[in-house]
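These notes concern the structure reproduced below.
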Amino acid sequence: MHFVTYKPPPPLGRFVELLWYHEAPELPDQLERVLPTGALSLLINLAEDELRWYEGRDGARCHRLRGGIAICGAHAEHFAIDTAEQRLIVGVRFAPGGAFPFVGPDVEALGGAHVPLDAIWGRDAGLVRERVLEATTPEAMLRALEAALAARLVRPLARDPAVDFALAAFADPARARTVADVIGQLGMSPKRFIRTFAEQVGLTPKRYCRVQRFQQVLSAVERGERVSWAGVAAACGYYDQAHFIHDFRAFAGLTPAEYLAARRVRNHVPLPG
């Protein structure tokens, strides 16, 4: 397996968390569940001219996206991919609230969706894939992708200050702010805050916070040699074990113990053959 990452400098780096290249010709052809992160991403399949994703507990419903380049909106549900597509792929992981300079008002509409990039960028989407394919090294591919993103960066080059404040508050466990706390600090009406946040992040504040708390659980699992689910639940802010298990199943489609037994890497769980 060959995995290369690159963090672009500002101004692009304020909106893009990571550019990545993944090559793994040894991967088997297998369906794999992808767990929600609350972030938008851009994916380019360099081996095929399409991207596929699957729905249903067993991945029975297949969706095909033409062109091999697509935007994956902010998800609060799991879906499945075919690992065969992971053999040669590059991608962009946008920072929370970082995709709007590239997709404009479509951020909220993209929530939970996979959309061919040409539906947003038109003919330029295919040109981006061509330029990446023309590059001769993984590093050059990521530079080509960086240049394409920089060319699409449109104003305003700043999130709404209310969204910035909320994202910082939600990301800091020490502050442990609820959505109501943040709205009170901002002095905005709940309706206006929820609308502004969803337009720039792609999920409502409440749903975004639930996904981030779920991701905190997965981080805690990665750090611990032995997992105490009761301890993890309490540390991540769930008010009881039943609440924790309910949310975990909603996002992963598995119990915490099933996830621990089946996971390959964080956010990826192979489906039974």
Side-chain angles (χ1 to χ4, degrees), residues 31-41 53-61 72-81 96-97 108 111-114 163 165-186 190-191 193-195 197-198 201-273:
L31 291 185
E32 189 171 81
R33 181 171 294 162
V34 180
L35 307 186
T37 65
L40 283 86
S41 58
W53 61 282
Y54 302 79
E55 288 185 316
R57 183 173 177 84
D58 57 356
R61 297 191 300 278
C72 177
H75 275 70
E77 301 85 23
H78 59 78
F79 58 92
I81 58 171
E108 186 177 7
H114 299 71
V163 174
F165 177 86
L167 288 170
F170 297 151
D172 185 355
R175 295 163 76 175
R177 294 190 184 277
T178 65
V179 174
D181 289 336
V182 168
I183 291 172
Q185 289 284 322
L186 289 169
K191 184 176 181 180
F193 171 71
I194 291 168
R195 170 56 57 193
F197 189 94
V201 177
L203 297 172
T204 64
K206 184 175 181 180
R207 182 160 287 192
Y208 176 83
C209 287
R210 287 182 62 208
V211 172
Q212 296 314 304
R213 183 166 52 190
F214 169 70
Q215 284 295 319
Q216 289 173 19
V217 170
L218 301 190
S219 293
V221 169
E222 283 189 325
R223 292 193 301 269
E225 293 182 4
R226 297 184 62 187
V227 178
S228 164
W229 291 119
V232 169
C236 294
Y238 293 93
Y239 55 79
D240 61 27
Q241 192 79 345
H243 177 212
F244 164 61
I245 293 173
H246 176 271
D247 254 29
F248 198 101
R249 287 186 68 114
F251 292 128
L254 302 164
T255 67
E258 287 170 338
Y259 166 78
L260 195 62
R263 70 188 173 117
R264 183 172 66 87
V265 295
R266 179 174 168 175
N267 293 317
H268 287 256
V269 182
L271 291 175

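Remember, predicted model here, so these are calculated numbers, not experimental data.
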Can you name the side chain to side chain contact (heavy atoms under 4.5 Å, CB included) partners of [X], sequence neighbours left out?
X      : answer
Cys236 : Arg213, Gln216, Val217, Val232, Tyr238
Pro190 : Ile183
Pro205 : Phe170, Val179, Phe193, Ile194, Phe197
Ser228 : Ala230

Could you list the residues that satisfy ring pair (Phe, Tyr, Trp, His ring centres under 6.0 Å) with [X], not counting sequence neighbours?
X      : value
His268 : none
Phe251 : Phe214
Tyr54  : none

Residues that [X] engages under side-chain hydrogen bond (donor to acceptor under 3.5 Å, both in side chains), provided they are two or more places apart:
X      : value
Asn267 : Gln215
Arg207 : Glu77
Arg61  : none

Partners of Arg210 by salt bridge (charged side-chain N to carboxylate O under 4.0 Å, His left out), sequence neighbours excluded?
Asp247
Which atom of [X] lies closest to which atom of [Y], heavy atoms considered:
X      : Y      : answer
Ala262 : Pro270 : O-CD, 3.1 Å
Val182 : Ala169 : CG2-CB, 3.9 Å
Ala74  : Leu40  : N-CG, 3.6 Å

What's the spacing between [X] [atom1] and [Y] [atom2] if we round to 0.5 Å?
X      : Y      : atom1 : atom2 : value
Arg195 : Thr204 : CZ    : OG1   : 10.5 Å
Leu271 : Glu32  : CG    : CD    : 8.0 Å
Leu254 : Leu260 : CG    : CG    : 11.0 Å
His114 : Ile81  : NE2   : CD1   : 9.0 Å

Measuring only between side-chain heavy atoms, which start at C-beta, is Val34 closer than 4.5 Å to His75?
no
Within a strict 4.5 Å, meaning less than it, do heavy atoms of the Pro96 and Tyr208 side chains meet?
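Pro96 reaches Tyr208 side chain to side chain.
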Tell me if a side-chain donor or acceptor on Arg33 pairs with a main-chain N or O of Ala252 at a distance below 3.5 Å.
yes
Just by distance, do the side chain of Gln212 and the backbone of Thr37 share a donor-acceptor pair under 3.5 Å?
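Pair found, side chain donor or acceptor close to backbone of Thr37.
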